[in-house]
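What follows is one structure encoded as C-alpha cells, with my remarks underneath.
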Amino acid sequence: MTTSQSGRDVVDVLTSDHRDVTALIGEIWSVRDPMIRRDLTDTAISELVRHAVAEEMYVYPAMKKYLPDGEKSVQHDIEEHKELEATMKRLEAVDVSGAEFDDALRKLETVLADHVRDEEAEQFPELRRQIPRTELTELAGKVETAKKLAPTRPHPGAPNSELFHKLVGPGVGLVDRLRDKLTGRATR
Ligand SMILES: [Fe+2]
Ligand SMILES: [Fe+2]
C-alpha cells in the first residue's frame with residue numbers, strides 16, 4: 001500500500017515479518033544438509049522471537065487502547081505466542097535430521113499460519129481502521145527499533161555468523177536468550 005520504506009506503517013512491517021518467516025520455513029523443508037538446516041532454523045527462530053516480542057511491546061498496548069475487543073484479541077494472541085515458543089523450543093532442542101524435528105516444524109508451520117490468518121484477516125485491518133495514520137507509522141518505527149535490540153541471525157554462511165553465535169549462541173536456550181535480550185530481562 002505504500003511505496004517508500006519510511007512510509008510503511010506497523011501493519012506493513014509485521015506483515016512482511018510473517019512473509020519472511022513463512023518463506024524461511026519453506027526453505028528449511030527444501031534442504032537436507034544438517035548444518036544449513038540448523039542455521040536456517042536458528043534464523044527462523046530469531047526472526048519469530050523478535051517479531052513476537054515487538055508485537056507484545058508495542059502492538060498489544062495499541063490494540064487494548066483502540067480496538068473494541070482489544071483485550072480479548074490480545075489474550076488470544078498471547079496464547080498463540082506461547083504455542084509458537086513451545087514449538088520453537090522443541091525445534092532448538094532436537095536433531096535436525098530426526099522425525100521429531102519434522103513434527104515440530106510442521107507444528108510451527110500450522111501455528112504460524114493460524115497466527116498470520118488471525119492477525120492479517122482481523123486484527124491488522126482493524127488496527128488500520130481505528131488507529132490514526134501517524135500513530136501507525138510511529139509504531140512501525142518502534143517495532144523496527146525493538147527488533148534491533150537482539151542480534152540478527154545472519155543468513156547461513158554469512159561472515160558474522162560466528163559473531164551471532166558468540167552473542168546469542170546456538171541450540172537449547174536460544175528462544176529464552178533472545179527474548180531476554182529483547183525485553184532486557186536478566187539472563188542467567
Ligand atoms: Fe504476528
Ligand atoms: Fe502475534
Side-chain angles (χ1 to χ4, degrees), residues 1-2 5 7-29 40-92 104-131 133 135-153 168 174-185:
M1 75 162 277
T2 46
Q5 185 81 4
R8 297 208 311 163
D9 74 6
V10 70
V11 171
D12 293 319
V13 173
L14 297 172
T15 304
S16 82
D17 284 352
H18 289 166
R19 296 289 161 281
D20 289 350
V21 180
T22 305
L24 267 167
I25 294 175
E27 245 188 280
I28 299 169
W29 284 124
L40 288 171
T41 303
D42 288 354
T43 306
I45 289 172
S46 162
E47 292 309 311
L48 197 48
V49 170
R50 226 179 270 284
H51 171 81
V53 170
E55 280 186 359
E56 290 160 21
M57 287 170 82
Y58 297 108
V59 184
Y60 287 2
M63 281 165 74
K64 287 182 187 168
K65 185 172 168 196
Y66 291 102
L67 306 195
D69 257 345
E71 198 72 50
K72 216 174 104 202
S73 300
V74 165
Q75 272 319 312
H76 177 78
D77 204 62
I78 287 175
E79 289 312 311
E80 274 180 2
H81 285 198
K82 278 186 192 153
E83 228 183 319
L84 285 170
E85 290 210 0
T87 313
M88 287 190 279
K89 284 180 180 176
R90 273 173 68 198
L91 280 171
E92 69 183 18
L105 190 61
R106 209 166 290 123
K107 171 85 178 168
L108 188 74
E109 209 168 29
T110 311
V111 182
L112 181 67
D114 284 347
H115 169 91
V116 168
R117 204 178 313 116
D118 286 346
E119 291 185 345
E120 293 184 13
E122 291 168 31
Q123 291 150 19
F124 290 176
E126 193 69 4
L127 288 175
R128 279 202 175 132
R129 269 194 295 273
Q130 312 282 355
I131 303 182
R133 175 81 202 167
E135 195 159 339
L136 287 172
T137 4
E138 226 176 83
L139 279 172
K142 285 183 176 164
V143 163
E144 296 281 31
T145 308
K147 287 196 290 179
K148 285 188 195 120
L149 292 175
T152 317
R153 183 67 176 90
V168 185
L174 182 61
V175 171
D176 286 330
R177 275 174 291 139
L178 279 165
R179 185 170 266 285
D180 288 347
K181 280 210 183 301
L182 285 159
T183 58
R185 206 165 68 178

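Counting starts at 1 for both ligands and their atoms, in listed order.
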Report yes or no: do Glu85 and His81 form a side-chain donor-acceptor pair below 3.5 Å? no
The angle formed at the Fe ion (ligand 1) by NE2 of His51 and OE1 of Glu119 is about (to 10 degrees) 160°
What is the name of the N/O/S atom in Glu55 that sits closest to the Fe ion (ligand 1)? OE2
The Fe ion (ligand 2) to nearest N/O/S of Glu80 below 2.8 Å: no
No-hydrogen, no-angle side-chain donor-acceptor test under 3.5 Å, Glu47 and His51: no
Could you pull out the closest heavy-atom pair between Tyr66 and Gln130, with the gap in Å? CD2-O, 3.6 Å
If we check side-chain contact (heavy atoms from CB on, under 4.5 Å) with Val59, which of these qualifies: Val13, Asp77, Leu14? Leu14
What N/O/S atom of His115 gets nearest to the Fe ion (ligand 1)? NE2
If the test is salt bridge (charged side-chain N to carboxylate O under 4.0 Å, His left out), which one of Lys64, Arg50, Arg179 qualifies with Glu56? Arg179
Just give me the atom name: the N, O or S atom of Asp77 closest to the Fe ion (ligand 2). OD2
